Number of protein chains: 2
Amino acid sequence: MRTPTIQDVARQAGVGVGTVSRVLNNHAAVKSATREAVLKAIADLDYTPNPHARRIAGGKSYTISVLLPVLTTEFYTRLLDGLETAFQEARYDVAIFPLLDRSRLERYLASHTLAYQADGLVMATYNLTEVFHERRLRTQQPTVLVDAFAENVDCSFMDNVTGGRLAGEYAAALPGALYAIWVETELDQLFTTRVFEDRRSGFLGALAAAGRGVEAEYTSSFDTLAARNTAATLLDRVQAAPGGLPCTVFASADLLAGALLDEVRVRGLTAGRDVRIIGFDDQPWAAARGLTTLHQPVEGMGYEAAGLLLSRLSGYPGPPRARRFEPRLIIRDTA
Amino acid sequence: MRTPTIQDVARQAGVGVGTVSRVLNNHAAVKSATREAVLKAIADLDYTPNPHARRIAGGKSYTISVLLPVLTTEFYTRLLDGLETAFQEARYDVAIFPLLDRSRLERYLASHTLAYQADGLVMATYNLTEVFHERRLRTQQPTVLVDAFAENVDCSFMDNVTGGRLAGEYAAALPGALYAIWVETELDQLFTTRVFEDRRSGFLGALAAAGRGVEAEYTSSFDTLAARNTAATLLDRVQAAPGGLPCTVFASADLLAGALLDEVRVRGLTAGRDVRIIGFDDQPWAAARGLTTLHQPVEGMGYEAAGLLLSRLSGYPGPPRARRFEPRLIIRDTA
DNA sequence: TTGTATGCGTTATCAG
DNA sequence: CTGATAACGCATACAA
């Protein structure tokens, strides 16, 4: 059975193809009776427009390319959810391009896929606009950055400085020494992100403003084992110091906070009393474990990014816009 | 500057569009002089054919969709490399569809991208053919399975039973008690894989054939911390048992083997003497750490899968074919 | 061996 | 408001 075309729909509904196309793109005015008829025919035939033909005819394929770091983490899953929800509402499809390393980016750039297939581009975390400018001077698609900031392009980003500051302000009011654990980012020059730098500067800034400072800082790679080891090292030091407890630790990612929580319990200490812990992310398990942490409106950020891009696609000409999202401190048991 | 079309190339080369199209698809006979001219024009204009137009006109878009579990692991990176290399040689682009969970699959199924864009489909690890049959009765694209086996479809797979057997045969000849660590696979019914079951049955089978058996088996989730804890638990038992050393451990993934290696060293034991370790994967670091492990021809498996699909695309009508690849035991220092 | 005409599924333009 | 019909960029049968 052949896949139905717009012609089939037109015939079935007893109208012209032009009319079908109009309801498809909810154009101008179509008498609601005929619109109903067309919609019914579409449903009956289970018709979906062929994006390739759309691209040829109208210059739009109704698909968006999303470039993002591997989506192993909850953050990117949620981000993608926000993006896809918005794009779906606007009847756009999204094609995902996972960025593992530079060689993968090269492959994407070399392939025709990226260049032709999409009406727009969203780049998450990494600002690759310059690479694109260098390589593909033609096909300049509207682009939006998400979870990253740049002057010359629309972007929707999380204000990690504020996140760090909120943690800092809250921690500064707590008794006992202050510690922090950061995430080591070992990426090459191209794939660079400033999230942890930002969280750190916000945190340290707030502490300074309150006349306080950290006792020590630790760095861990983003890995459960490394996080656990770092937690152990930190607690060794705290427990060895006279009057080391209680203390407060800003674990700048929930993965780190979780490991610390484990290590605290193993040592017979109590989180929230002996060791106060502030995480960052508000992962799904955070509520159950009573983790005080920064919640990020990730879906919202994605949704907004999509909106920005969509507005460009429908012709919005203004200067680059930046949408800032702020994490919110969720106070639970651990601090 | 407008992106050049086939018309522009034809004009530039002083030939008709038909001729350009012929050299593009290296059709029939084109006088090599005119072919040169066309090729030159193509290069001069930096022309690339528009896949959407190709799809409309000829029914082929020269892109392949690849569905795979998140590619965080080296295995999938290599697999993708093999696939992409083969497809690139045949001038096909590949679009990646990372499968995180069922909801993501649903999104893909709902989108037009998957349905329309590709000439063929490759599914890695998970056999989703049935879901596809249920949902998209139309658009039946040629499909190939990679890293998975099924009767009714072309597939290119790794024989994990053999891998386990090789490990078992080697381990059976070693003195001391035998242990094994498996990876816990906690996926829903849809996303199910038998790799670790297979490795286990091969391993246990070989042991039985040699009149031996395992002292104990452990299961760990695929995570550095969990692996380390499992290693510790295992070594606790071994060291507590009288005459527990030397022993041999089949760690059915290099991640597990690496954690065990770490734990062995921490305890002042020597890998390859006190504790013999056999891994599985031959990750990049395995050679440097002297890990005895099973090497898998992953790229080859991917390359072959692509070849299978490509042959279908060019009309090969035969019955489903299965290409089997065998891991190879690499003996180094740890066993 | 090569140019021309037709069609692919849509959108857009223009009469009606 | 709606129906023809001309593009869109390419492949392909048909002529030459």
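Note that the coordinates shown come from a computational prediction; the quantities given were computed from them, not determined experimentally.
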Reckon Ser21(B) touches a base, only the sugar-phosphate, or nothing at all at heavy-atom distances under 4.0 Å?
-> base
Assert: residue with more 5' nearest nucleotide on DNA chain D, out of Ala53(A) and Gly18(A), is Gly18(A)
Close side-chain approach of Val94(A) and Leu83(A), heavy atoms under 4.5 Å | no
Atom NZ of Lys60(A) and atom C1' of dG9(C): how far apart are they, to the nearest Å?
-> 17 Å
Mind checking ring pair (Phe, Tyr, Trp, His ring centres under 6.0 Å) for Tyr92(A) and listing every partner two or more places apart, or none if nothing turns up?
-> Tyr62(A)
Pairing of Arg78(A) and Asp81(A) as salt bridge, 4.0 angstrom limit | no
Atom CG of Leu24(A) and atom P of dT2(D) are separated, to the nearest Å, by 15 Å
Salt bridge between Glu36(A) and Lys31(A), side-chain N to carboxylate O under 4.0 Å?
-> no
Sidechain N-carboxylate O distance under 4.0 Å for Glu106(B), Arg104(B) = no
For the pair made of CD1 in Ile56(A) and P in dG7(C), what is the distance, rounded to whole Å?
-> 18 Å
First encountered from the 5' end of DNA chain D, between Val17(A) and Lys31(A) = Lys31(A)
Quick one: list whatever passes side chain to side chain donor-acceptor pair (under 3.5 Å) with Asp44(A), sequence neighbours left out.
-> Lys40(A)
Residues which pass ring pair (Phe, Tyr, Trp, His ring centres under 6.0 Å) with Tyr303(A), listed by chain and number, not counting sequence neighbours | none
Distance test, side-chain N/O of Arg54(A) to OP1/OP2 of dT11(C), below 4.0 Å = yes
Protein-nucleotides 14-16 of chain C N/O pairs under 3.5 Å:
none

Applying ring pair (Phe, Tyr, Trp, His ring centres under 6.0 Å), name anything that partners Phe325(A), two or more places apart in sequence or on another chain.
-> none
Rounded to the nearest angstrom, tell me the gap between atom CD in Gln7(A) and atom C1' in dT11(C).
-> 12 Å
Note down the inter-axis angle between the two ends of the helix from dT1(C)-dA16(D) to dG16(C)-dC1(D), five pairs each, to the nearest 10°.
-> 40°
Has Asn25(A) got a side-chain N or O lying under 4.0 Å from the OP1 or OP2 atom of dT11(C)?
-> yes
Touch class at under 4.0 angstrom, heavy-atom based, for Val20(A) against every strand present = nothing
For DNA chain C, whose closest nucleotide is more 5', that of Ile6(A) or that of Gly16(B)?
-> Gly16(B)
Kindly say if Thr19(B) contacts the phosphate of dT2(C), meaning a side-chain N or O under 4.0 Å from OP1 or OP2.
-> no
Whole angstrom value for the distance that separates P of dT1(C) from CD of Glu36(B) = 15 Å
Under 4.0 Å: is that the gap between some side-chain N or O of Tyr47(A) and OP1 or OP2 of dT10(C)?
-> yes
From CG of Asn50(B) across to P of dG9(C) the rounded distance in Å is 16 Å
Can you tell me how far the CZ atom of Phe132(B) sits from the CD atom of Gln141(B), to the nearest 0.5 Å?
-> 8.0 Å
dT2(D) phosphate, OP1 or OP2: any side-chain N/O from Thr34(A) under 4.0 angstrom?
-> yes
With a 4.0 Å cut-off, would you call Asp119(A) and Arg55(A) a salt bridge?
-> yes
